Amino acid sequence: MLNPYRTYTCNDLRATQAGETVRLAGWIHNKRDLGGVLFVDLRDHYGITQIVIPPTAAFQDEFAHLPKETVVSVQGQVRPRPEGTVNPNLPTGEIEIDVTGYDKLGGCESLPMNVFPEDHTPEETRLKYRFLDLRRSKLHQTVMLRSRVIASIRRRMIDLGFQEFQTPILTSSSPEGARDFLVPSRLYPGEFYALPQAPQQFKQLLMVSGFDRYFQIAPCFRDEDGRADRTPGEFYQLDVEMSFVTQDDVFAAIEKLMEPLFNEFKPEWPTNARPDKTFQRLAYKESMLRYGTDKPDLRIPVEIKDLTPLFAKSEFKAFAGKTVRAMAIPQAFDQPRSWFDNLQEEAKKLGAPGLAYIKIDANGELTGPIAKFMIGDSATALKELGAKQQSAIFFSADPNETKAAKVLGAMRVKIAEQLGLIEKDVFKFTWIVDYPMYEMNEETKQIEFSHNPFSMPQGGLEALEKQDPLTIHAYQYDLVCNGYEIASGAIRNHVPEIMYKAFALAGHDKTVVDTEFAGMINAFRFGAPPHGGIAPGIDRIIMLLANETNIRDVIAFPMAQNGRDLLMNAPSPVSERQLRDVHLTIRKPVPKV
RNA sequence: GUGCAUGUGGCGAAACGGUAUACGCGCCGUCCUGUCAUGACGGUGGGUGUUACUAGCACCCAUGCGGGUUCGAAUCCCGCCGUGCGCACCA
């Protein structure tokens, strides 16, 4: 039986179908009323077809007054367009439909935002009327890209020998990491499920269960605030875990996924992969030194240098005895004083005392506010910094090494954006490896895990027993592309003895491990394979492939930065009865006066 | 929690201490038989009142909300709220 709404989609018809009687259904995309003849662009998911309502049609006037975005089904005959009126920009541009009748399937009221033309609209409106925003070709295409990327990832993972699993969404709260989303239990008053921040423990348990190679396109829930590259509340990871592997094996698997994936969807953008399609590696410490961050944007051709020894005994008190880092910025010489002043303000916002700089003029002479302190060795060294003439050198000095590095790292990106120094249309990947296992909490002076406490320390038990904890590296790694952390993972600590020792160094005794990670530590007692994995962020990968800078633009139904869903009105109050079912009373915060 | 930016018609916006809503988009009306971001002309914030009621006129209100400075505030100041970006946070 014939479909009552359509016999073709709006992207199907070509000149070869001329003469056929057809039915098309879709949205009224645009109208061109020429007085006699009425042209209407009919749009569906697949494309646009021009339909023509002739002056002889009794319903022409009626049709002309249907608002844009009305849903109709039209019947008519396919005919080739007259000579000279073919539209080469439209796949269906050779033909048009001579309409003989129509049905109005869905009316449309006055629109709160334009679907076509796709003009600028505030994000709040776009989120509230997401179903309209999703009709616009930009977002519609991105969501389709997302679908194709995920399909490709799934196919590639299976081809690489991985199996797909599902893991619980209602699980238990885990003590480490971000805040959990909690789900109150009806059957157990006062007890809660938590939504998983990642299927971390489950995937490790699957390895202990002998499944060898796991993957899942997994939703992850974390109660943390949004950023341009981070949605609040929930996001998707390609969660991966492998047994009997080293770090190199995990890298090899992910490289076999990523490089071809990026190449499939953005073939015109070269990557910096080596000839054998592997990615470069950078030690965490090296990255902090050269780029001031553990997610360096390698598209920026600027590196930071350490000048600490040079100023150790300097007359210049602002630098003496502190960690001093510097970077040379080409093209910065000619910037106005206000530009340099602005950067100082930016640096101060990041907690730096300021942002010192000197300029190197056409004669290679040092100028600027602090140039007079740069004498002898330091002047020579600065010229050797690689600073070409007509450039500027920026300094960051702080008693705290990490802070000195991070300030300059942030300024490196900001300056590069302002001066257009970021290389375009290219993907620059790097692995970040050798993360420290522990770090010193400056406030409490306690040694803490710097990343995932389940990571295997490099050197194993021996390192934990004999080495200064702050010098121990973990088999912990990130994959970074164009300044975005797109994956994070580790070789796991699967040996209870090493686990207890690792926690002991961070000040947690055995009972903490036994109670808080009971499920996993118990499993490790019964024959656990060495294993490790990684979790690439799906949303960020799509962002890169779609060339978007706002992560909400690659998600069909995102929440606003404040964690609200403006379309569905979540979160929202629930009834007293629902609360009673789960044994909750509301404790409201004290209102501000 | 916090820093910065921002908030004016359905939408993008203009006015930057002196007649708010210029201009554009959309929408409405009229005209046009080959357009395809159609074109031309006109209209388009809200309320109340009034008249000779397809229309006109008068008055009032409106620049996120509340207060303040000023002869006069969209504009300057204070507080609050919303949104965006950043920081804290993110095993």
Side-chain angles (χ1 to χ4, degrees), chain A residues 29-42 48-56 60 64-65 67-69 81-90 92-93 96 108-129 132 173-180 196-198 200-201 220-233 235 342 345-346 348-351 406-407 410 413-414 435 448-455 474 476 485 488-490 492-493 503 506 516-517 535 537 549-550 552 560-562 564 566 589 591-593:
Chain A
H29 183 68
N30 202 15
K31 291 181 290 190
R32 291 173 295 279
D33 187 349
L34 269 61
V37 65
L38 171 65
F39 295 105
V40 175
D41 292 331
L42 192 68
I48 288 177
T49 300
Q50 172 165 287
I51 64 176
V52 185
I53 293 98
T56 50
Q60 197 207 37
H65 286 91
K68 285 190 194 180
E69 297 306 311
R81 295 197 189 186
E83 188 87 35
T85 65
V86 166
N87 185 345
N89 300 320
L90 219 54
T92 61
E96 62 194 10
C108 184
E109 298 174 10
S110 175
L111 290 165
M113 61 180 276
N114 290 340
V115 173
F116 179 85
E118 296 183 28
D119 51 9
H120 183 269
T121 307
E123 197 171 7
E124 201 176 345
T125 309
R126 291 177 47 208
L127 290 174
K128 188 169 177 189
Y129 298 96
L132 293 179
S173 180
S174 80
E176 299 288 334
R179 252 178 245 110
D180 285 316
Q197 297 189 17
Q200 182 66 36
Q201 298 196 48
C220 302
F221 305 93
R222 296 178 192 176
D223 189 359
E224 59 196 15
D225 288 352
R227 290 275 192 284
D229 66 348
R230 190 177 78 186
T231 50
F235 59 97
N342 264 332
E345 288 308 310
E346 295 287 346
K348 282 179 187 167
K349 281 181 202 160
L350 297 171
K406 282 187 176 174
V407 167
V413 173
K414 190 162 277 295
Y435 274 85
E448 297 178 344
F449 287 110
S450 65
H451 266 76
N452 187 330
F454 309 131
S455 300
Q476 163 86 41
E485 179 199 310
S488 186
R492 320 298 174 186
N493 184 343
F503 273 81
E516 292 184 347
F517 307 104
T549 53
N550 183 332
R552 289 182 296 275
Q561 167 163 297
N562 58 5
R564 281 198 170 275
L566 300 174
K592 261 190 268 185
V593 183

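Below, chains carry the letters A, B, ... as their sequence lines are ordered, and counting in each starts from 1. All of these numbers come straight from a predicted model, not from anything done at the bench.
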### Query
B/C87 phosphate, OP1 or OP2: any side-chain N/O from A/R227 under 4.0 angstrom?
yes

### Task
Give the rounded distance in Å between these two atoms: CG of A/N30 and P of B/C25.
13 Å

#### Entry: Check: B/C32 base within 3.5 Å donor-acceptor of A/R32 side chain
no

### Task
State which of B/C89, B/A91, B/U35 makes the closest approach to the side chain of A/R230.
B/C89

### Query
Does A/Q561 put a side-chain nitrogen or oxygen below 4.0 Å from OP1 or OP2 of B/C85?
yes

#### Entry: Nearest-angstrom distance from the residue atom OH of A/Y129 to C1' of B/G10
10 Å

#### Entry: Rounded distance (Å) that lies between atom P of B/C25 and atom CD of A/E69
19 Å

### Task
Identify whether any heavy atom of A/P55 sits under 4.0 Å from a base atom; if not, whether one sits that close to sugar-phosphate; answer base, sugar-phosphate or nothing.
base

Just the atom pairs and distances: protein N or O near nucleotides 5-8 of chain B's N or O, under 3.5 Å.
none

### Task
Please work out if A/S110 contacts a base, only the sugar-phosphate, or nothing of the nucleic acid, heavy-atom cut-off 4.0 Å.
nothing

### Query
Counting side-chain heavy atoms from CB outward, which of B/C89, B/G26, B/C11 is closest to A/K68?
B/G26

### Message
Once you apply a heavy-atom cut-off of 4.0 Å, does A/E109 come out as touching a base, just sugar-phosphate, or nothing?
### Response
nothing

### Message
So, does A/R552 get its side chain near the phosphate of B/C85, meaning an N or O under 4.0 Å from OP1 or OP2?
### Response
yes

### Task
Round to the nearest Å and state the distance from A/E123 atom CD to B/C11 atom C1'.
16 Å

### Message
Give me the distance, rounded to whole Å, that separates B/C60 from B/A52 when you measure between the P atoms they each carry.
### Response
24 Å

### Task
Determine the interatomic distance between P on B/U54 and the same-named atom on B/G42; round to the nearest Å.
22 Å

### Message
Counting the atoms with a prime plus P, OP1 and OP2 as sugar-phosphate, which does A/A410 contact under 4.0 Å by heavy atoms, base, sugar-phosphate, or nothing?
### Response
nothing

### Task
Assign A/E124 to base, sugar-phosphate, or nothing according to its heavy-atom contacts below 4.0 angstrom with the strands shown.
sugar-phosphate

### Message
Let's see if you can work this out: which of B/C85, B/G26, B/C36 has an atom nearest to the side-chain heavy atoms of A/R81?
### Response
B/C36

### Task
For A/P122, answer base if it contacts any base atom (sugar-phosphate contacts may also be present), sugar-phosphate if it contacts only those atoms, and nothing otherwise; contact means non-hydrogen atoms under 4.0 Å.
sugar-phosphate

### Query
Say you pick atom C1' in B/U44 and the same atom in B/G9; how far apart are they, in whole Å?
10 Å

### Query
Base, sugar-phosphate, or nothing: which does A/N452 touch, judged by heavy atoms less than 4.0 Å apart?
sugar-phosphate

#### Entry: B/A20 and B/A15, which share atom name C1', separated by this distance in whole Å
7 Å

### Task
Assign A/H29 to base, sugar-phosphate, or nothing according to its heavy-atom contacts below 4.0 angstrom with the strands shown.
nothing

### Query
Taking both distances under 3.5 Å as the test for a Watson-Crick or G-U pair, what stems of at least three pairs does RNA chain B have?
B:1-7 with B:81-87, B:10-12 with B:23-25, B:26-31 with B:39-44, B:45-51 with B:55-61, B:64-68 with B:76-80

### Query
Roughly how far apart, to the nearest Å, are B/U35 and B/C61 at atom C1'?
44 Å

### Task
Round to the nearest Å and state the distance from A/K128 atom NZ to B/G82 atom P.
15 Å

